[in-house]
Amino acid sequence: MSDQPKTKRITLTTLRRMKSEGEKIAVLTAYDAPMARVAEAAGVEVVLVGDTLGMVIQGHDTTLPVTVDHVVYHTQAVMRGSQRALVIADMPFMSYAHTPQALDNAARLMREGGAQMIKLEGGATEAETVRALALHGIPVCAHLGLTPQSVHKLGGYRVQGREAHAAEAILHDALALQAAGADMMVLECVPVALAAEITRNLDIPVIGIGAGADTDGQVLVLQDVLGLTPNAPRFSENFMAPGRASIQEAIEAYVQGVKSGTFPDAAHSFS
């Protein structure tokens, strides 16, 4: 038997402390064991098994074809490579349309996949589902702003919350989801000022993607960080620059940018 102590996994308590102390949280997607292992070694605190796997792994145009079985499979793989990071699993499109279904599928992602938290998209209309999940001891990361599962309803991948009424609605949704029991929030493609206001008004950690540097942390898709995505979104950055000899060095550069507040800058943000 090894005498080496078991690595202590990052928890929600860790992330809340980081928010309260002003330490930025580095989040990255991963879909397999080797990349989860490298992300942790580079300093990433949270690994997201995102339904983005539909686009960057499966080659689809949207995240909509991803199923719960797909996310369970990839979460299992990530957990085999992960010892330290908090692992979040995405709830795919229409896997939480009603509360009993949400409870069953979230339980699968945690029981079979091994995730420590699930993530779902949607505003105050999802408050009842979030409340039920929270009451059953399931940690929830909410997702507001650009919600890719609603891409057809939104009319494409567009910045959300630029108009005053839309910004007010997103802030209202954020507060409602926190009150329902959400433990974390992702804000995607919203104006910098709105993201900063929401972050100030919430007690839970707020993670941005295309939301400026004033959130409590950042998340990017691994393939974007490594420069593997053709026509990558504006808010992403290729950290696999000349002089970085390995994937781990590229992820370390991303983590350093998040921690120092130099990433994202104005070029990766929206007004």
Side-chain angles (χ1 to χ4, degrees), residues 26-39 42 44 46-67 70-71 73-75 77-78 81 88-90 92-93 119 121 143-160 162 186-192 195 207-213 215 217-258 262-271:
V27 186
L28 191 65
T29 66
Y31 314 98
D32 57 36
M35 288 305 181
R37 190 176 299 115
V38 172
V44 168
V46 179
V47 170
L48 169 64
V49 185
D51 60 0
T52 44
L53 69 90
M55 301 173 77
V56 300
I57 300 297
Q58 297 174 341
H60 297 296
D61 292 332
T62 71
T63 65
L64 303 187
V66 175
T67 68
H70 294 154
V71 181
Y73 171 86
H74 286 278
T75 304
V78 164
I88 304 175
D90 251 338
F93 176 65
K119 182 173 77 65
E121 299 179 7
H143 184 153
L144 292 174
L146 173 59
T147 48
Q149 292 176 14
S150 304
V151 61
H152 298 308
K153 183 73 171 178
L154 296 174
Y157 297 98
R158 303 166 57 188
V159 179
Q160 303 295 307
R162 277 182 161 152
V186 168
L187 291 178
E188 182 169 356
C189 286
V190 301
V192 171
I207 308 299
I209 177 168
T215 53
Q218 301 294 325
V219 59
L220 281 182
V221 171
L222 173 65
Q223 282 72 11
D224 293 349
V225 168
L226 300 181
L228 298 176
T229 307
N231 303 313
R234 168 180 158 179
F235 54 72
S236 68
E237 174 73 19
N238 176 8
F239 285 89
M240 200 71 184
R244 292 175 187 145
S246 69
I247 290 173
Q248 182 168 328
E249 287 185 11
I251 299 174
E252 286 173 349
Y254 162 67
V255 172
Q256 182 180 9
V258 172
T262 58
F263 178 83
D265 60 18
H268 306 101
S269 306
F270 304 96
S271 58

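Keep in mind that the numbers below use all heavy atoms, side chains included, and drop hydrogens, waters and symmetry copies.
- With rounding to the nearest 0.5 Å, the separation of OG1 in Thr63 from CG in Asp90 is 8.0 Å.
- Shortest non-hydrogen contact noted between Ala250 and Met240 is CB-SD, 3.5 Å.
- Closest approach of Val190 to Gly145, counting heavy atoms only: CG1-CA, 3.7 Å.
- Considering OH of Tyr254 and CZ of Arg244, their distance stands at 13.5 Å, rounded to 0.5 Å.
- The two residues Ala211 and Leu187 come nearest to each other via the heavy atoms CB-O, 3.6 Å.
- Side-chain contact check for Pro191 versus Gln160: every heavy-atom pair is 4.5 Å or farther apart.
- Identified under the side-chain hydrogen bond (donor to acceptor under 3.5 Å, both in side chains) test for residues 233-242, with sequence neighbours left out: Glu237-His268.
- Side-chain contact between Val44 and Val27 is absent, with no heavy atoms from C-beta onward closer than 4.5 Å.
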Working for side chain to side chain contact (heavy atoms under 4.5 Å, CB included), residues Ile88 and Val49: CA-CA 6 Å; Ile88 304 175; Val49 185; over 6 Å; no

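- At least one side-chain heavy atom of Leu220 sits under 4.5 Å from a side-chain heavy atom of Phe263.
- How far CG of Leu226 is from CD1 of Ile247: 5.5 Å, rounded to the nearest 0.5 Å.
- Judged by distance alone, with hydrogens and angles left aside, the side-chain atoms of Gln223 form no donor-acceptor pair with the main-chain N or O of Ile57 at under 3.5 Å.
- Of the possible polar contacts, one joining the Glu121 side chain to the Gln149 backbone as a donor-acceptor pair under 3.5 Å is found.
- Nearest approach of Ala42 to Ile251, heavy atoms of both residues: CB-CG2, 3.4 Å.
- Take Tyr73 and apply the side-chain contact (heavy atoms from CB on, under 4.5 Å) test, not counting sequence neighbours, and it matches no residue.
- Closest heavy-atom contact between Ala213 and Pro264: CB-O, 3.5 Å.
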Evaluate the criterion side-chain hydrogen bond (donor to acceptor under 3.5 Å, both in side chains) for residue pair Gln256 and Glu252; output intermediate values, then yes/no. CA-CA 6 Å; Gln256 182 180 9; Glu252 286 173 349; over 6 Å; no

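- Inter-residue side-chain proximity for Lys119 and Val186 is flagged as met; some heavy-atom pair is nearer than 4.5 Å.
- To the nearest 0.5 Å, atoms CZ (Arg158) and CG (Leu146) are separated by 10.5 Å.
- When all heavy atoms of Ala26 and Val258 are compared, the closest pair comes out as CA-CG1, 4.2 Å.
- The closest donor-acceptor contact from the side chain of Asp265 to the backbone of Ala267 lies under 3.5 Å.
- With 3.5 Å as the limit, one finds no donor-acceptor pair spanning the side chains of Thr75 and Tyr31.
- The main-chain N or O of Ala232 is never found under 3.5 Å from a side-chain atom of Thr229 such that the two would form a donor-acceptor pair.
- A distance-only check finds a donor-acceptor pair linking the side chain of Thr29 to the backbone of Leu222 [under 3.5 Å].
- Counting heavy atoms from C-beta on, the side chains of Phe239 and Glu249 never come closer than 4.5 Å.
- Atom-to-atom distance recorded for Thr67:OG1 and Asp51:CG is 11.0 Å, nearest 0.5 angstrom.
- Two residues are said to be in side-chain contact when any heavy atoms from C-beta on lie closer than 4.5 Å; Val221 and Val56 meet this criterion.
- Side chain of His74 to main chain of Val71: no donor-acceptor pair is present (N/O by atom type, distance under 3.5 Å, no hydrogens or angles).
- In this structure, CG in Asp224 is found 7.0 Å from CZ in Phe235, a value given to the nearest 0.5 Å.
- Counting only N and O atoms by type, the side chains of Gln58 and His70 include a donor and acceptor under 3.5 Å apart.
- Side-chain contact check for Phe270 versus Cys189: some heavy-atom pair is nearer than 4.5 Å.
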